[in-house]
Amino acid sequence: MTSDTTEKHRSFDKQRDLPDEVRVENAMAGFVAEFGPKAQSWMNACVRCGLCAEACHFYLATGEEKYTPIHKIKPFEDAYALTHGPFSWLHGLLGRKPKLTIEELEEWEELIYDSCNMCGRCTLACPMGIDIASLVKDARRGMYAAGLLPDRLARIVRNAEKQHSPFGSPEDFRKTIKEIEREYGIPLPLDKPKADVLMTLTPEALENRHFGVASMARVLHHLGLDWTFCSDAFEATNFGYLSGNMELQGALTVRLIDKAREIGASMLIVPECGHAWGATRWEAAKWYGAPVDDIRIRHIVEVLADAVEDGKLECRPVGESATFHDPCQQIRRGGLEEKPRILMRALGMELREMDPHGLDAFCCGGGGGVLANERAGPLRLKAFELKKRAVEETGADHFVTSCNICEMTLGRDIEATGFDKQIESLIDLIGANMITDQPPLKAPGRGAKPKGAGKRAAGAKKAGKGRSATRRKPAAKK
Amino acid sequence: MTLLELLEGPLWIASASIFVVFAAFRLIVILFTGRREAEARPVGSPFLGALRTILGHFLPWRRLLGNGKAWFVTIAGYSFHIGLFVLLLFAAPHVEFIREKIVNLPWDPIPRWGFILSAQFAFAGLITLWVRRFVDPVVRLISRPDDHVAAGLTFIVMLTGCMALGEQSAFLRGLHLGLVELWLIYFPFSSLMHTFTWPFSRGFTGAMAGRRGTRA
Amino acid sequence: MAINKRHSAVRLLWSLFLLAFLMAMPALTGNDSLLAQESSAARAEPGPPNTLGKRSDAEIWHDLRLGAGGIANPPTGSREAGAVINAEGWEWAKLRNPEKSPIVHYGAWGLLAILGLLVLFYLIRGPVGHGEDSGRRILRFRLSQRVVHWSIAFVFILMGLTGLSILFGRPFILPLIGKEAHSILLTAAMQAHNLFGPIFALFLLGLFVHFLRGNFPSLVDIKWLLKGGGFFGGHAPAGRYNLGEKAWFWTAVIAGGALSVTGFLMLFPDYLATRNTIHLSELIHAIAALVMIGFSLGHIYLGTIGTRGTLKGMVDGYVDENWARAHHDRWLEEELEKAESGDQARETAEEGA
């Protein structure tokens, strides 16, 4: 996990034992599997102006033309016209064969998985409004069906399939929840047969961020919600969504929603995660063939922000200045732009926005499964430079975000580049500073991970001071 | 039957029919086939989102306002498209032709200087954009043969049209018309279809954003 | 040109005479000279003038040239309202006569000679190289420079082909394809030429702005010249552009500028020019065009098959470091220094911005 920057670059990985012809066939079938008016309009509108490149952080950071977003789906695009376009019959009559080849697919694996976060920034730059992120997702479906994805991602997908979650089995989950209860002295409702709210988590929170879990629980208690974790539906992340494994994506989403229905919940809360929000809130309907109307799918940031607005949640003012990293799946593609900002205000922080921010923000570089894909590490670090510069320019004391993947990515990149900022979780800050009658969290005991974010929030001032001291560094380096 | 009569008669009908039938067919396939997925409960209005994106993307993205390439593409793009549409719909010979063959246009043709001016805008835009396909590494990489054929064919059509401006020669008129017919036949099978697909492409993206309570 | 001199004295006399005549005009009715009587008589008569043949040919020509006596009636608003015949056109016509024109004659031979020299040079010297590639690239032309260059190149070739058809059509093309085809070719060529002219002028402006830097003369140009530009072996030092390139730049700017200005005059003769300026414009236009086309042949040769690795610089924007060392050593030094001083010149020079 720490070898991101040293891992030698390999051009492609292969899974499963399939003849090349089958891989190619599967790839194409997977690509067009969900095609409808949307994707078909996008596929037929591009005029090759190249402006999408100007939006992509991978292109901007490297200047390499192969990172032009629309180029990332080129083999599929070429073959689409010949095999599935409206005039495929004509091409057939003329004897023109599909152009997709196994070599092309292998070559494109890197572009489809390593150099696209599906962050959707290019969509905004496209004069035709083509949603290239969606098309890359279609391409990933093809690649998954062809057994051509980065090995590490494939492994995580297998774990998610076999053991319920990349984190582990329901049994592992129960053990960890008990552990967190003990560590922080907070009751965590688990497997209640009936509850009004089903709370979900990310593997990262379960592995490394127990304080975050405790904070979240404390807020939910404070809000007086009737909530529970479920050991057979705790996993919010969706590696089916990220890898292109459509069946898995559906199964994971359906598992959550069915469970919520089973316990009679009226609300399903998605934790600090970006793509889980997209997969659950915005794509669940397609697995049911109808909008999920009986259960409100809400993001934890949304729940907290609404509580603040309703006057149900108040915080001790933290003061100091902060900048917010916008997780693309929550903000640009998720519609939550205002919510984290409400929380920052509730924390009494002076919000210093990055340039660019909000809908235009750069992605952390790890989304869309790129973080899980070790070989993309060096490329990701290049893209991080853009983010780093934007953060430095704000001069803010705190660097906050509301997505575990962003947090992990930025945390690792900060470590790798020796950047003098720490990335903080918005929920942790709320948890540490909320005004409540709830019993305080126990100081983390021996079992706690050293990454305890409470310490970070408290030690923020120090980091702030350190900033000015180390700020001269980059200049000196040059 | 002379070649010009052939071009103005049966060949015109044939190519125009191919254009209409196949372009319509392609649009129908794009808009009415494939999967239609159930969408999530909306937060904002998909309709307003679509409208916003359809209109908003007429201008470059705000983040690209300091970007030379974006300005170039925008200015050259508009120069070409506006010039071309003025030529197509308002040039005197075109107005006459359209009135004779298709529909009685309610407007008067533009004067000659208007024609010349629009042609200059159209050519300047098309030439610079096409040249860029060869010398910008990004655009060269992503340009398909189709993009070059479409640009080249459009250029030749425009060029022969301007060469026939003297309206003295049946040969030049026939040459222009013949190439127009070739262009019409090529159109539905090529990226020239963006003429019709752009509002849908923008609209679907905008609707998605509108539904999610964000903007695109 | 000797013809011109001989005639200029005559022309001057004519002019003085005409001026006097013009000034006398208002007084004509009150004058009792023969001419005046005749004129007023002619004016008093209804119907076409001089049907009785009372006036001499010289007088009729006289009137035609000035539009006197209501004979001439060219479009109003024209700068020369009233003049029907311009005697000076005779001089122009001789220079412009397709069969005998010295411009056509020397122009054709000149262009052929340049082509011949280039072929000869290629056969003897072959393509100029720069040894092995170093594998390190350096940005030579920004995207905007490349776009401007090829845009004007494209239009220049179009203008050249149509223009040469107009200039050489009658003596060279007409005999080959016959009158009818030739007339079609010429009307097409003329329309295209007229249409692309202003675009050429616009792109020329872009060319000037994008390539001015580095094209001012410098001392190293003399060294370059003394070394024969490196064309005959040896190394000739040069900055961003060598003397030959600078000469081409200024030729293109000046000849191109002349082409643009005279072209505009000819496009809008009624509004911008008199007949005499048009004649002059046409001559300047033809000569400037021949100069520019001639020079362009050399430029195209050196930019493509003449020098290895040069074309890449104008297509991709990047050249090999050894190419730069061989052809533009001073420029390379500057660039490398800039890169070293942290100005990230190599590789990262912002594309197209």
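These figures come from a predicted structure and were not determined experimentally. In what follows, every chain begins at residue 1, and chains take the letters A, B, ... in the order their sequences are listed.
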What distance separates [X] [atom1] from [Y] [atom2], expressed to the nearest 0.5 Å?
X        : Y        : atom1 : atom2 : value
C/Ile184 : B/Gln168 : CD1   : CD    : 10.0 Å
B/Phe171 : C/Ser183 : CZ    : OG    : 11.0 Å
B/Leu172 : C/Gln191 : CG    : CD    : 9.0 Å
C/Ser144 : B/Arg132 : OG    : CZ    : 11.5 Å

Over all atoms of both residues, closest heavy-atom pair of B/Met163 and C/Ala188: CG-O, 3.5 Å

Considering all heavy atoms, the nearest B/Pro137-C/Arg146 contact: CD-NH2, 3.6 Å

Taking everything shown except [X] itself, do over 12 heavy atoms lie less than 6.0 Å from its [atom1]?
X        : atom1 : result
B/Arg26  : CZ    : yes
B/Trp107 : CH2   : yes
B/Phe121 : CZ    : no

If I measure from the heavy atoms of chain C, does [X] come under 4.5 Å with its side chain, its backbone, both, or neither?
X        : value
B/Leu159 : side chain
B/Ser169 : side chain
B/Gln120 : both
B/Phe72  : side chain
B/Ala164 : neither

Using a 4.5 Å cut-off on heavy atoms from C-beta on, say whether the side chain of [Y] contacts that of [X].
X        : Y        : answer
B/Phe123 : C/Leu195 : yes
B/Thr128 : C/Trp150 : no
B/Val135 : C/His149 : no
C/Val147 : B/Phe134 : no

Chi angles and distances behind the salt bridge (charged side-chain N to carboxylate O under 4.0 Å, His left out) call for C/Asp316, B/Arg140: CA-CA 10 Å; C/Asp316 300 336; B/Arg140 183 171 51 193; 2.7 Å; yes

Residue C/Leu158 versus chain B: region with a heavy atom under 4.5 Å: side chain

Residue, of C/Thr187, C/Val148, C/Asn194, that accumulates the most heavy atom pairs under 4.5 Å with chain B: C/Thr187

